[in-house]
Enquirer: 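The structure is given below, and queries will be raised subsequently.
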Amino acid sequence: QIAQPRHRVIVGAVSEKHHQWRSSGPVVLRDDGPFPVLIDKRALHRLLMHLAVQAGADLVIGRARFDGFGRPSLNGAPIAADLIIDARGRRSGSDGLIAIGFIGGAKGRPDALTLAAKPDGWLWQVSASDGTQSGAYFTTPRNLQGLGDRQRRKMIEGISGSGAARVFAPSLAGLSFQPRVWQPEVALLRIGDAALARDPIGAHGLTHALRSGAQAGVGALDLIGGD
C-alpha cells in the first residue's frame, strides 16, 4: 500500500549525495548507489495508523507520558495496560545535543541528500527536485543561547542555503539513549530511536525503526500471549 496515491509515502529518489567536512569544499557523489529514496514522514505515519486499524487495533490520538515514578498516562488520565510499546523517538532520551528542524525551498536542485560538518554542528538535509527542502541542524545548547526565533531562522537559512525557511522550535536530539532511573509500572518495549537512536549522519534510522517494530510485535506476543 506504500505506493497508493492516497498515501504517497515515497516522494522521490536521491540522485546525488553532497558531503562536506568543515571548511573543505563539498563532495558530490552521483555514482555511489544504491541511493536512498525520499520518504514523506507524515504520509508514512498515516499509512502505519491505517494498517494498524485494518489489523484490528483501536486508535486513540493523544499525549502519552510517564511521570517521575514510571506511571503511564494518556491525555492526563492513568493508563491500565499489560504492555506499552514506546515509539516516541529521540524524545525518550538525550545526550545534550539540540536539533532544529526546518522546511524551506530552493529551486533548480536535483533530488539530493546533504550531510555536512559545520563549524558548530552537523547539517542533515534533503533537497527535492520540486524545489522543497527539509532537514535538521544538530548543535549544542551553548550555540543557541540568546537567539530568538528570527535569529535562529536566519542562522538556519545561512547554514542550509534554504530560502523562506520554516524553522521549528529546538528540541533534544537524543542521539544516544539514556536509561531513566525508575522502572515503569507496566511492561515496556522501546522501538526505533526510543530504544537506540542512530546518528543522523550514518542514517539507516528508518530500517532500524521498522525492524525493531516488527521484533516488538513478536516480543509482545511472548509477554502477553496471543496468536
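What you see below is based on every heavy atom in this structure, not just the backbone, and it leaves out hydrogens, waters and symmetry mates. Here, residue 1 is the first one in the sequence, and each next residue gets the next number.
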Enquirer: Show your working on side chain to side chain contact (heavy atoms under 4.5 Å, CB included) between Arg71 and Ile79 and close with a plain yes or no.
Expert: CA-CA 8 Å; Arg71 295 173 298 205; Ile79 296 175; over 6 Å; no
Enquirer: Examine Met49 and Val53 and state if one hydrophobic cluster contains both, with Ile, Leu, Val, Met, Phe, Trp and Tyr joined whenever side-chain heavy atoms are less than 4.5 Å apart.
Expert: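 They do share one cluster, since a chain of ILVMFWY contacts under 4.5 Å joins Met49 to Val53.
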Enquirer: What's the separation between atom CG in Leu188 and atom CG in Leu83, rounded to the nearest 0.5 Å?
Expert: 7.5 Å
Enquirer: Do the side chains of Lys118 and Ile159 get nearer than 4.5 Å, heavy atoms only?
Expert: yes
Enquirer: Any idea which heavy atoms bring Leu189 and Ala216 closest together, and the distance?
Expert: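 Result for this residue pair: CD1-O, 3.6 Å.
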Enquirer: Taking atom CE of Met155 and atom CD of Glu157, what is their separation to the nearest 0.5 Å?
Expert: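 The CE atom of Met155 sits 11.0 Å away from the CD atom of Glu157.
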Enquirer: Taking atom CG of Asp222 as the centre, does the number of heavy atoms from other residues, nucleotides or ligands within less than 6.0 Å exceed 12?
Expert: yes
Enquirer: Is there a side-chain contact between Tyr137 and Ser160 (heavy atoms, below 4.5 Å)?
Expert: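 Answer no - side chains too far apart.
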Enquirer: Using the test side-chain contact (heavy atoms from CB on, under 4.5 Å), find all partners of Arg42 that sit at least two apart in sequence or belong to another chain.
Expert: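 With neighbours one apart ignored, the set is Asp40, Arg46.
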Enquirer: Could you grab the distance from atom CD1 of Ile191 to atom CZ of Arg211, nearest 0.5 Å is fine?
Expert: 14.5 Å
Enquirer: On a heavy-atom basis, which atom in Gly62 and which in Asn75 lie closest, and how many Å separate them?
Expert: CA-OD1, 3.2 Å
Enquirer: Residues in side-chain contact (heavy atoms from CB on, under 4.5 Å) with Arg65, at least two apart?
Expert: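 Result, side-chain contact (heavy atoms from CB on, under 4.5 Å) vs Arg65: Arg63, Ser73.
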Enquirer: I'd like a table of donor-acceptor pairs (distance under 3.5 Å, sequence neighbours excluded) in which one partner is a side-chain atom from residues 142-149, with atom names and distances.
Expert:
from, atom 1, to, atom 2, distance (Å)
Asn143, ND2, Asp120, O, 3.3
Asn143, ND2, Thr139, OG1, 2.7
Asn143, ND2, Thr140, OG1, 3.1
Asp149, OD1, Arg152, NH2, 2.4

Enquirer: Taking side chain to side chain donor-acceptor pair (under 3.5 Å) as the test, write out the residues that go with Ser212, two or more places apart.
Expert: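 Side chain to side chain donor-acceptor pair (under 3.5 Å) check on Ser212 returns nothing, list empty.
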Enquirer: How close do Ala136 and Phe102 get, counting heavy atoms only, and between which atoms?
Expert: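 That closest heavy-atom pairing would be N-CE2, 3.5 Å.
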Enquirer: Do the non-hydrogen side-chain atoms of Leu123 and Leu115 ever get within less than 4.5 Å of each other?
Expert: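 Counting from C-beta outward, Leu123 and Leu115 never come under 4.5 Å.
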Enquirer: Working note: Leu74 + Val60, criterion side chain to side chain contact (heavy atoms under 4.5 Å, CB included); need CA distance, chi angles, decisive distance, verdict.
Expert: CA-CA 9 Å; Leu74 178 65; Val60 179; 3.7 Å; yes
Enquirer: Between CD1 of Ile100 and CD1 of Ile156, what distance do you get to the nearest 0.5 Å?
Expert: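 If we round to the nearest 0.5 Å, Ile100:CD1 and Ile156:CD1 are 4.5 Å apart.
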Enquirer: With Ala214, which residues qualify under side-chain contact (heavy atoms from CB on, under 4.5 Å), at least two apart?
Expert: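 Listed in chain order: nothing, the list is empty.
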Enquirer: For Leu210, what residues pass the side-chain contact (heavy atoms from CB on, under 4.5 Å) criterion, not counting sequence neighbours?
Expert: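 Once residues adjacent in sequence are excluded, the partners of Leu210 under the side-chain contact (heavy atoms from CB on, under 4.5 Å) criterion are Leu206.
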